[in-house]
Amino acid sequence: MDMLIGGKHISGDDLVDVTNPYNGDIIDTVPIAHRQTADLAISEANGAKDSLQEMSAFKVSNKLFDVCEKLKQDREDFAHLLSLEVGKPIAESLVELDRSIETLKLAAEEAKRIYGETVPLDAGLNGKGFFAFTQKVPLGVVAAITPFNYPLNLTIHKIAPAIACKNTVIVKPPTEAPLTVMKFCELLNEEFPDGVVNTVTGYGSEVGDYLVTSPDVNKISFTGSVTTGLMISQKAGMKKVTLELGGNDPLVVLADADIDNAVRGVINGAFLNAGQVCMGVKRIIVDEEIADEFGEKLVLETEKLVMGNPLDSTTTLGTLINEKAAIQVENTVNNAVEEGAKILTGGNRDGAFYQATVIDNVSQDMDLVVNETFGPVAPIIRVKGVGEAIEAANNTEYGLQAGVYTNDYYSAMKCANEIEAGTVFINKQSTFRTDNMPFGGFKNSGVGKEGIKYAVEEMTKTKLIGLNLR
Ligand code: NAD
């Protein structure tokens with residue numbers, strides 16, 4: 001598939017394959033963009049700013065609604081392509097499509113609500129006699145750089161609010177899975193003037209890096225790993241940056257919890273998208289009083305998952321993004337076993353597939369739980385009491401989301417107050433998000449928030465206008 005720059009299809013001499021992780025088939029190829037192509041995209045995006053900013057909010061909103069309708073019509077085709085390039089079960093791809101439609105709709109609504117406020121300057125020393133108000137002004141050009149695991153919805157979480165507040169966009173989709181994003185940008189381009197949305201494909205280390213350092217890009221909205229995020233924040237200079245990074249989310253099960261509900265939380269949180277979710281359940285912190293019963297029940301439910309062809313509607317566990325990623329998960333689990341952890345079920349790899357794995361007796365210093373393990377693994381850490389559980393939950397450099405299972409409201413509020421994370425859910429796993437909520441982590445999990453209204457805040461600047469009426 002070609003890139004889209006200034007409304008034109010741009011190919012290239014160097015190409016990269018997009019491979020189906022399930023069977024190794026090459027689905028398509030995309031160009032490897034170099035500096036010259038990035039320059040062209042930056043120039044087209046800058047050139048299109050006026051045409052977008054001259055549109056009324058009413059028109060921008062209606063056009064976003066129209067794109068939303070088109071995406072709805074093509075829902076099944078998009079989901080099929082998503083499963084092919086990511087290896088996720090078709091049922092999960094359809095959910096990603098539904099969320100993408102919802103995200104667009106939220107942005108179309110938000111486009112009509114972008115305004116400032118009056119400011120009482122007379123509340124300050126010497127401020128009497130002014131009439132002052134603020135305006136929310138677009139930043140200019142937003143570069144959206146996104147990861148492979150939820151390529152479509154995560155990219156729409158950047159493009160849609162950016163356009164809603166009248167920024168033009170350059171999208172750098174994930175190298176492994178760029179196709180659904182590129183197809184979506186084609187839909188957008190049918191509605192908006194050429195250059196409002198542009199795509200550049202290839203390797204982040206080259207074209208992504210160039211977007212990050214260019215003085216003609218005004219904002220970097222990045223979702224991906226901590227390593228890349230840190231690099232971006234060091235290179236971005238004075239431009240605004242939003243970083244949605246990795247997670248190592250705890251699921252805390254206290255002694256009084258509804259164990260069946262907590263087990264459901266792990267199934268929905270640790271194995272979704274083969275465990276490749278930023279807010280996936282990555283550490284299960286269980287009170288030792290109930291740990292045996294919890295482990296037995298979790299194994300029974302885990303073994304019901306069906307690993308298979310992502311396009312088969314009965315499949316509930318697809319592949320990882322590629323075999324290399326599956327080998328990495330396999331090695332991390334094997335190392336934990338060597339250090340004393342015990343596999344209760346799973347633990348085997350077949351190509352890019354890794355079995356849903358429950359692993360007990362995990363200690364907090366094992367690599368498996370110190371770093372973000374991006375695979376279908378449920379590591380159980382045993383603790384005693386709510387105090388130890390909170391300490392374990394906070395024993396990480398990450399702080400994206402957290403889930404706590406308890407029926408005692410004092411414990412619930414103690415966890416909610418003391419766990420250091422952007423979101424704490426009570427009696428729900430961390431792997432839950434509505435697309436309007438403020439989403440974004442503490443500590444190394446990131447800087448800034450997404451969730452349309454919050455993303456708009458990050459993609460505008462506030463200008464104050466004061467009239468001296470004295
Ligand atoms: P990644 O950091 O390897 O890549 C993300 C994007 O950055 C890709 O498009 C890549 O090409 C680009 N990139 C790579 N090097 C770059 C550079 N030097 N400059 C600019 N861009 C560059 O991440 P990934 O492996 O695709 O995704 C997995 C990670 O993303 C996990 O850590 C996961 O937790 C995180 N993630 C976070 C969220 C969130 O909202 N917090 C959501 C999904 C995934």
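Just follow the structure's listing: the first ligand is 1, and inside any ligand the first atom is 1.
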When every non-hydrogen atom of V196 is compared with those of A48, the smallest separation belongs to N-CB, 3.7 Å
heavy-atom search around atom 32 (O) of ligand 1 in the protein gives E372 OE1, 2.6 Å
In terms of its nearest heavy atom to atom 36 (N) of ligand 1, the top option of S225, C278, A177, G446 is C278
Charged N to carboxylate O below 4.0 Å: is that the case for K240 and E458?
no
With the threshold set at 4.0 Å, does a side-chain nitrogen-carboxylate oxygen contact exist between R382 and D360?
-> yes
Taking every heavy atom of P174 against every heavy atom of P151, the minimum-distance pair comes out as CG-CB, 4.0 Å
- Message: Any non-hydrogen side-chain atom of N198 less than 4.5 Å from a side-chain atom of V171?
- Response: no
Measuring to protein heavy atoms, does anything land under 4.0 Å from atom 25 (O) of ligand 1?
yes
For ligand 1 and L245, I'd like to know whether there is a polar contact (N/O to N/O, distance under 3.5 Å).
yes
Of T175, D249, T213, T146, the residue with the heavy atom nearest atom 8 (C) of ligand 1 is T146
So for M279 against ligand 1, with non-hydrogen atoms under 4.0 Å, the contacting part is neither
For P173, the ligand 1 atoms with a heavy-atom partner under 4.0 Å come out as 9 (O)
For atom 40 (O) of ligand 1, the closest protein heavy atom turns out to be F439 CE2, 3.3 Å
Review point. Are E301 and R264 ion-paired here, with the side-chain N under 4.0 Å from a carboxylate O?
Key: no
If you compare L230, T228, T223 by their heavy atoms, the one closest to atom 5 (C) of ligand 1 turns out to be T223
Query raised in the report: Hey, does S445 sit under 4.0 Å from ligand 1 if you only count heavy atoms?
Result: no
Atoms of ligand 1 under 4.0 Å from any heavy atom of G208, numbered from 1 in the order shown, are 19 (N), 20 (C), 21 (N)
Q.
Checking the side chain of E85 only, and the main-chain atoms of T180 only, is there a donor and an acceptor separated by less than 3.5 Å?
A. yes
| query | Quick one: does Y203 get an N or O within less than 3.5 Å of an N or O on ligand 1? | reply | no
Out of E176, H157, K172, Q276, the nearest non-hydrogen contact to atom 10 (C) of ligand 1 is supplied by K172
From the list N167, T223, T103, T146, side-chain hydrogen bond (donor to acceptor under 3.5 Å, both in side chains) with K158 holds only for T223
Checking heavy-atom distances from atom 35 (C) of ligand 1 to each of G204, G224, P147, G247, the winner is G224
Residue, atom and distance of the protein heavy atom nearest atom 33 (C) of ligand 1 read F374 CZ, 3.4 Å
For M231, the ligand 1 atoms with a heavy-atom partner under 4.0 Å come out as 18 (N)
For P379 and V377 the tightest heavy-atom approach is CD-O, 3.4 Å
Atom 7 (O) of ligand 1 sits nearest the protein heavy atom F222 CE1, 3.2 Å
Tightest non-hydrogen contact, residues E339 and M366, listed as OE1-CG, 3.3 Å
> Does the distance from a Lys or Arg side-chain N to an Asp or Glu carboxylate O, for R99 and D435, drop under 4.0 Å?
Replying inline: yes
Mark the output for P174 as yes if a heavy-atom distance to ligand 1 is under 4.0 Å, and as no if none is. yes
Closest heavy-atom pair, T37 versus V200, reported as atoms and distance to 0.1 Å, is O-CG1, 4.4 Å
Near N149 (heavy-atom distance under 4.0 Å), the atoms of ligand 1 are 43 (C), 44 (C)
To atom 21 (N) of ligand 1, the nearest of I321, I145, L154, L211 on a heavy-atom basis is I145
Can you find an N/O atom of K282 closer than 3.5 Å to an N/O atom of ligand 1? no
Note: V226, heavy atoms under 4.0 Å from ligand 1, region reported as neither
*Is any side-chain heavy atom of P310 closer than 4.5 Å to a side-chain heavy atom of K88?*
no
Logged contact type for S205 with ligand 1, heavy-atom cut-off 4.0 Å, is backbone
Note: L97 and F78 closest approach over all heavy atoms is CD1-CB, 3.6 Å
At under 4.0 Å between heavy atoms, what of Y150 touches ligand 1? The answer is neither
